[in-house]
Colleague: 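This is the structure I have questions about; it appears just below.
Numbers for residues simply follow the sequence, beginning at 1. The basis for the numbers below is simple: all heavy atoms, side chains too, and nothing from hydrogens, waters or symmetry mates.
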Amino acid sequence: MIVLTVFNHAGGAGKTSITRDVGYELARQGLRTLLIDLDPQANLTGWLGVTGTTREQTVYGVAVEGQALPTPLRVHGLSLVPSHVSLALAEGQMMGRVGAHTRLRRALEDVQEQYDVVLIDSPPSLGQLSILGAMAADRMVVPVPTRQKGLDALPGLGEAFAEYRDVRPGLTVALYVPTLYDARRLHDREVLTELQAHLSPLAAPVPQREAVWLDSTTAGQPVGVYAPGSPVHRDVQRLAADVAQAAGLRPAGGNG
């Protein structure tokens, strides 16, 4: 089982879209895939069409009390540990508790025979839940918008990774992913050139095609369900292949 945490402390980078859509593609290829929503905003949960969740279904008990991982929901061929707004309470309750940040990793070790890959959607922050996700990861996937804000976030990312590696020396970035890319804009091309000069390994940029992304989110469906065969779906399939290769995953084939 390989655990990948999708992380950027800046919002709007594409973490949730990557988690949902890459996770769905990996599951379609035969990998037993678990998604974990660590963001109290619960966007991943909602973007998969899941509503009416409770705090007990989230990682709250894992983070605060060291409980076992709750039984995941099944949706679109994936397993999902959803989120809920009350998960935000865990931020304060984890502080000062020895070993709290390693509890998710320990809970995942207990289910490692059940899954091939786990993708964790980390909150857009440097708080306790983000640390929980980082400590659970084998490797990180880091989306970076091809905007000035993407460049501005890099120093903070570097500082966060340095702190995380103090606790988990083997933690590495499997892949940086340029997102929201529009090749027609000079600014995007210039930022991409900067990313290519400073970040490695770097995936091919994910084009900004907002209509399908937004509509699939409204529908609560992965792009591969909402618009199979579309240009956006082909973008997602390329990214999923890049992530699988970078993480050393070997899809089993099939369509889930």
Side-chain angles (χ1 to χ4, degrees), residues 1-7 14-91 103-124 129-130 132-133 136-138 141 213 215-228 233 236 240 243 249 251-252 254-256:
M1 185 181 78
I2 295 176
V3 181
L4 302 173
T5 293
V6 185
F7 173 78
K15 293 184 300 294
T16 302
S17 298
I18 288 173
T19 305
R20 181 191 70 173
D21 290 295
V22 168
Y24 174 74
E25 293 304 319
L26 295 178
R28 284 188 71 247
Q29 294 170 34
L31 292 172
R32 298 170 299 168
T33 304
L34 171 65
L35 307 186
I36 299 178
D37 192 347
L38 277 190
D39 189 347
Q41 297 180 79
N43 286 334
L44 176 63
T45 301
W47 293 6
L48 283 166
V50 175
T51 60
T53 58
T54 66
R55 188 173 73 182
E56 289 70 30
Q57 294 174 295
T58 76
V59 299
Y60 179 89
V62 176
V64 175
E65 300 174 7
Q67 296 177 359
L69 198 73
T71 301
L73 308 176
R74 289 291 295 175
V75 56
H76 298 301
L78 298 157
S79 295
L80 169 70
V81 175
S83 188
H84 184 271
V85 65
S86 62
L87 183 59
L89 298 172
E91 290 275 0
R103 286 172 175 167
L104 179 55
R105 180 163 189 85
R106 295 201 300 271
L108 287 171
E109 288 172 351
D110 291 338
V111 298
Q112 62 183 326
E113 300 302 323
Q114 300 176 34
Y115 302 102
D116 299 308
V117 60
V118 180
L119 279 82
I120 299 174
D121 186 22
S122 184
L129 291 170
S130 294
L132 184 75
D138 295 312
V141 175
W213 289 112
D215 290 347
S216 65
T217 294
T218 300
Q221 297 176 336
V223 165
V225 175
Y226 181 80
H233 186 216
V236 168
V243 169
L249 293 167
N255 55 15

Colleague: Taking atom CH2 of W47 and atom CH2 of W213, what is their separation to the nearest 0.5 Å?
Modeller: 9.5 Å
Colleague: Can you check whether S79 reaches L73 side chain to side chain, under 4.5 Å on heavy atoms?
Modeller: no
Colleague: Using 0.5 Å steps for rounding, measure from the CG atom of L87 to the OG1 atom of T45.
Modeller: 9.5 Å
Colleague: Between V3 and L108, is any pair of side-chain heavy atoms under 4.5 Å apart?
Modeller: yes
Colleague: Which pair of heavy atoms, one from V62 and one from A68, lies closest together, and at what distance?
Modeller: CG2-O, 3.5 Å
Colleague: Can you see which heavy atom on D116 is nearest to which on G30, and at what distance?
Modeller: OD2-O, 4.2 Å
Colleague: Using modelled atom types and a 3.5 Å cut-off, is there a donor and acceptor pairing between side-chain atoms of R32 and backbone atoms of E113?
Modeller: yes
Colleague: List the steps, then state whether side-chain hydrogen bond (donor to acceptor under 3.5 Å, both in side chains) holds for N43 with T16.
Modeller: CA-CA 7 Å; N43 286 334; T16 302; 5.0 Å; no
Colleague: How many angstroms lie between atom OG1 of T33 and atom CG of L78, to the nearest 0.5 angstrom?
Modeller: 6.0 Å
Colleague: List the atom of P123, the atom of S130, and the distance in Å for their closest heavy-atom pair.
Modeller: O-OG, 3.3 Å
Colleague: Give, for atom OG of S83 and atom CG of D37, the distance between the pair rounded to the nearest 0.5 Å.
Modeller: 4.5 Å
Colleague: Applying side-chain contact (heavy atoms from CB on, under 4.5 Å), run through V225 and H76 and close with a yes or a no.
Modeller: CA-CA 8 Å; V225 175; H76 298 301; 4.1 Å; yes
Colleague: Would you call R106 and E109 a salt bridge, taking side-chain N to carboxylate O under 4.0 Å as the test?
Modeller: no
Colleague: Below 4.5 Å, heavy atoms only, C-beta onward: do P72 and L35 meet side chain to side chain?
Modeller: no
Colleague: Give me the one residue out of T19, V81, V6, D39 that meets side chain to side chain contact (heavy atoms under 4.5 Å, CB included) with L44.
Modeller: T19
Colleague: Let's go through L48 and L80 carefully: what are the C-alpha distance in whole Å and the side-chain angles of both, what is the deciding distance for side-chain contact (heavy atoms from CB on, under 4.5 Å) to 0.1 Å, and is it a yes or a no?
Modeller: CA-CA 9 Å; L48 283 166; L80 169 70; 4.0 Å; yes
Colleague: So, the side chain of H84 versus the backbone of Q41: is there a donor-acceptor pair under 3.5 Å, distance only?
Modeller: no
Colleague: Do E25 and H233 have side chains that approach each other closer than 4.5 Å (heavy atoms only, starting at C-beta)?
Modeller: yes
Colleague: Which value, rounded to the nearest 0.5 Å, describes the distance between I120 atom CD1 and I36 atom CD1?
Modeller: 4.5 Å
Colleague: To the nearest 0.5 Å, what is the distance between CG on L89 and OH on Y60?
Modeller: 5.5 Å
Colleague: Does the distance from a Lys or Arg side-chain N to an Asp or Glu carboxylate O, for D110 and R105, drop under 4.0 Å?
Modeller: no
Colleague: Are side-chain heavy atoms of D138 and L4 found at a separation under 4.5 Å?
Modeller: no
Colleague: Are the side chain of Q29 and the backbone N or O of L26 linked by a donor-acceptor pair below 3.5 Å?
Modeller: no
Colleague: Determine which pairs satisfy salt bridge (Lys or Arg N to Asp or Glu O under 4.0 Å) with at least one residue from residues 14-24, sequence neighbours left out, and list them in order.
Modeller: none
Colleague: Do D215 and Y226 have side chains that get closer than 4.5 Å, going by heavy atoms?
Modeller: yes
Colleague: Could you check whether any side-chain heavy atom of L132 comes within less than 4.5 Å of a side-chain heavy atom of L38, counting everything from C-beta outward?
Modeller: yes
Colleague: Could you check if a side-chain atom of I18 sits within less than 4.5 angstrom of a side-chain atom of L119, using non-hydrogen atoms only?
Modeller: no
